[in-house]
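Computed from heavy atoms alone, side chains included, the values below leave out hydrogens, waters and symmetry copies. Nothing here was measured: the structure is a model prediction, and the numbers come from that model. The chains referred to below are lettered A, B, ... by the order of the sequence lines, with proteins before strands, and numbering in each begins at 1.
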Number of protein chains: 2
Amino acid sequence: MHDVSAVETALHGLRTLIADGSLQPGDRLPSEGVLSERIGVSRGSIREAIRTLSALGVVETRRGAGTFVGELRAADMIRTLALTVGLLPLESILELFELRRVLEAHAASLAAARCDDAAVSGLSTILDRLETSTDVDEQSALDHEFHMAVARLGGNESLGAMVSVLRSRSRAYPVPLTDETKRISDAGHRTILGAVTAHDPVAASVAAAAHVAQSEVWLREHRPAPEIIG
Amino acid sequence: MHDVSAVETALHGLRTLIADGSLQPGDRLPSEGVLSERIGVSRGSIREAIRTLSALGVVETRRGAGTFVGELRAADMIRTLALTVGLLPLESILELFELRRVLEAHAASLAAARCDDAAVSGLSTILDRLETSTDVDEQSALDHEFHMAVARLGGNESLGAMVSVLRSRSRAYPVPLTDETKRISDAGHRTILGAVTAHDPVAASVAAAAHVAQSEVWLREHRPAPEIIG
DNA sequence: AGCGGCGATCTGTAGGACAGGTTTTACCGG
DNA sequence: CCGGTAAAACCTGTCCTACAGATCGCCGCT
């Protein structure tokens, strides 16, 4: 056994404080100075350990106030992937389409089972705006909004977060929107909405899977160059 | 707009270097000293930015040698969630069971479509050992091994990584294994293997979903206290 | 009691110093 | 010319000090 580095020691110490219940969600961590003294490593090492936990969504730091344990919700941690998914090459994105297809299909089926009239009305409004929009960026935003609304209707926050992460990167590889593709895309949205409105989970699932698969086909055909996303 | 912090500046700089292709997977980053001078922030801030990317699986550091861009594979980044999932409370785990059910079911259907005789033989061997084992830890390990083997058979590395992450935490909330539960669990495994062997994707999917759902039911019934996992 | 200000505390950042690794270079013997 | 070894250059890991800027809390004043 090689000896453990100072940052690893700090990380282990912090993780244990949270895992054993000493620190509950929302609690403030001891100050960096105190932690430094208690764990026996320098303040810099403590900070690096906190950075690690912060990157993973476990804690969040407020300057001047302190570092606080996060809510420890699965969705928060899944969302931390968004930053890194933005760096993936096209091949990896295509690999992730399989997850996206499965999860969006499931979310659509849940939405069909659970949605109410207000939700249907909201979805319909989004599609109205999307179909009449002429601005590409707006179309992309509305498309994302529609799919996220469907995913949220499923009622599982982690599922929504996962879909959001998977979708975020696809937008970095823009498929050129011709009249033809937009027509097909719009029709796909209406099919999903129709199945959700009819409370038909199977139809909704199939429609969502088909819609995602269609996007994947376009992406494989065009293989656009990546755009850097802030 | 408040001004951007030094670490954020460093993070943005590093992220851009990777996103715009200046740094390819496997490449070595400029040394911390050089980055510090080039980006215009202190070495400490550079290190914190690198820690962030390291925590997310984007780069990896080797002492004395340098920091290198990772392979930028989706599976690697998904795996970084394992550390944080280990801190989630039971409620979050139950929420994640929905994802697990959907993804494992899909993985099983893929496995059924794609597996060969050697794979079936390997899976069967695992179950043989699992069914005759009397050691709880060994049973847990073999159970995990079986499910991961099935997930890998799906051929999608990201899917396997996701299933692995989702499963890793469940093991921290151990359901007491009675003769009854073990019998049901073993039968579930055999059902999955049978469907996979028969190349019946639908049956495999249903069997896997049922198996995961059964685990969820047990977990909801017993609600065991968490065990801290190293 | 309410309020304002001031001090204590905390994070953010910079810079220097050194230990302990790794890689490259230069030198020397064959 | 080649191989091997030792030194030098380089890099990350860690600690220390110092100070700026933000935030919080206490105390005294009205």
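The environment of B:Asp117 atom CG is sparse: at most 12 non-hydrogen atoms of other residues, nucleotides or ligands sit within 6.0 angstrom. Within 6.0 Å of atom CZ in B:Arg101, more than 12 heavy atoms from other residues, nucleotides or ligands are found, so the atom counts as buried in its surroundings. Within 6.0 Å of CZ on A:Arg38 lie no more than 12 heavy atoms contributed by other residues, nucleotides or ligands.
We find that CD of B:Glu37 is positioned 12 Å from P of C:dG16, with the value rounded to whole Å. Between the CD atom of A:Glu60 and the P atom of C:dG12 there is a distance of 12 Å, rounded to whole Å. For the pair B:Ile46 CD1 and C:dG12 C1', the interatomic distance rounds to 15 Å; values are reported in whole Å.
A salt bridge links B:Arg79 with B:Glu157; the closest basic N to acidic carboxylate O contact falls under 4.0 Å. A salt bridge links B:Glu91 with B:Arg223: the distance from a Lys NZ or Arg NE/NH1/NH2 to an Asp or Glu carboxylate oxygen falls below 4.0 Å.
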Starting at the 5' end of nucleotides 6-19 of chain D, put B wherever the base has a protein heavy atom under 4.0 Å, S where only the sugar-phosphate does, and a dash everywhere else. -----BBBBB--B-

